[in-house]
Amino acid sequence: MASTAATRSLADIPTLAQLYRSAGHRHVSSSTSDFPPSAAINARVGLVRGDITKLRLDAIVNAANKSLCGGGGVDGAIHRAAGPDLLTECRQLGGCPAGEARITRGYRLPAKHVVHTVGPIYDHADPQRSERLLRSCYEESLKLADTSGVKSLAFSGISTGVYGYPSTDAAQVACETVRKYLDRDISALERVVFVTFEQKEVDAYAEMLP
Ligand code: APR
């Protein structure tokens with residue numbers, strides 16, 4: 001059983017609507033968002049800074065590698081918190097190509113499931129391909145969450161650590177992909193949360209959201 005110290009449930013994670021209210025209705029700068037403001041989306045999307053392994057949600061999204069056998073960064077943190085049974089299940093999945101996603105149980109994590117997605121290693125020579133793969137990570141993770149009955153999902157900053165994806169560009173891809181997916185109105189997801197960890201991600205999302 002995960003330590004209950006400092007775990008956070010959905011009620012502890014502010015929605016964009018709550019953040020806007022507390023920020024005094026500061027508007028999203030139009031230069032970073034091509035989407036009209038949406039109260040419905042602002043009520044379904046959350047933003048929180050902290051350790052994703054402490055979130056008591058239906059699922060958290062891991063920035064994995066193709067082997068799915070753990071690593072450093074958030075991958076290492078999730079495997080450490082989940083315990084060895086996570087690796088045992090991951091080994092049975094036979095890996096995952098970049099841009100795709102797989103789901104497992106959460107074991108000792110407070111989250112019920114882990115969605116493992118493999119982001120692109122940022123390619124400065126072909127940023128468009130990197131963007132396509134990163135967009136696919138978010139889209140495939142959302143689809144897998146929906147087909148798995150997940151109602152609350154938190155994303156770590158896929159590819160923005162070891163894989164070198166610029167945080168601001170990645171935040172733009174993340175926000176646009178989630179917005180487009182939720183706008184299609186086919187999803188049963190009640191909450192999608194962006195988790196920032198290092199200051200560079202906090203700054204990146206601050207440009208996009210409250
Ligand atoms: N909670 C939330 N976010 C975290 C945590 C945590 N406990 N630890 C790290 N992060 C954030 C980092 O700040 C970073 O912005 O996760 C983001 C993703 O960084 P990485 O974990 O390095 O993932 P990525 O860039 O996708 O590289 C994946 O790194 O760890 C290995 O096995 C992994 O080979 C794979 C590669």
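Nothing fancy with the numbering, it's 1 onward along the sequence. One-based numbering, in listed order, for ligands and for the atoms of each.
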Heavy-atom nearest neighbour of [atom] within options [options]:
| atom | options | value |
| --- | --- | --- |
| atom 32 (O) of ligand 1 | Ile158, Ile121, Asp75 | Asp75 |
| atom 22 (O) of ligand 1 | Val118, Thr160, Leu134, Val162 | Val162 |
| atom 27 (O) of ligand 1 | Tyr163, Tyr165, Phe155 | Tyr163 |
| atom 19 (O) of ligand 1 | Ala81, Ser167, Gly161 | Gly161 |
| atom 12 (C) of ligand 1 | Gln199, Glu198, His79, His116 | Glu198 |

Keeping [X] on the side-chain end and [Y] on the backbone end, is there a donor-acceptor pair under 3.5 Å?
| X | Y | answer |
| --- | --- | --- |
| Arg49 | Phe197 | yes |
| Asp146 | Ala188 | yes |
| Ser67 | Gly95 | no |
| Gln18 | Thr15 | yes |
| Ser141 | Cys137 | yes |
| Glu207 | Thr168 | no |

Count the heavy atoms of every other residue, nucleotide or ligand shown that sit under 6.0 Å from NZ of Lys200, and state whether that count exceeds 12. yes

For [atom], what is the nearest protein heavy atom, given as residue, atom name and distance?
| atom | value |
| --- | --- |
| atom 26 (O) of ligand 1 | Ser159 N, 2.9 Å |
| atom 31 (C) of ligand 1 | Gly72 N, 3.6 Å |
| atom 23 (O) of ligand 1 | Ala63 CB, 3.6 Å |
| atom 21 (O) of ligand 1 | Val74 N, 2.8 Å |
| atom 1 (N) of ligand 1 | Ile52 N, 2.9 Å |
| atom 17 (C) of ligand 1 | Gly157 O, 3.3 Å |

Taking side chain as C-beta onward, heavy atoms only, is Ser167 less than 4.5 Å from Glu198? no

With a 4.5 Å cut-off on side-chain heavy atoms, are Leu10 and Leu57 touching? yes

Geometric N/O contact [X] with ligand 1, under 3.5 angstrom:
| X | result |
| --- | --- |
| Gly76 | no |
| Ala77 | no |
| Val195 | no |

Structural part of Phe197 in contact with ligand 1, heavy atom criterion under 4.0 angstrom: side chain

Hey, which atoms in ligand 1 end up nearer than 4.0 Å to a heavy atom of [X]?
| X | answer |
| --- | --- |
| Asp51 | 1 (N), 6 (C), 7 (N) |
| Glu201 | 12 (C), 13 (O), 14 (C), 15 (O) |
| Lys200 | 15 (O) |
| Gly50 | 1 (N), 2 (C) |

Does the side chain of Ser9 pick up a donor-acceptor pair with the side chain of Asp12 at under 3.5 Å? yes

In terms of heavy-atom contacts, Thr147 and Leu144 come closest through OG1-O, 3.0 Å

Option passing side-chain contact (heavy atoms from CB on, under 4.5 Å) with Asp75 (candidates Asn65, Val162, Val114): Asn65

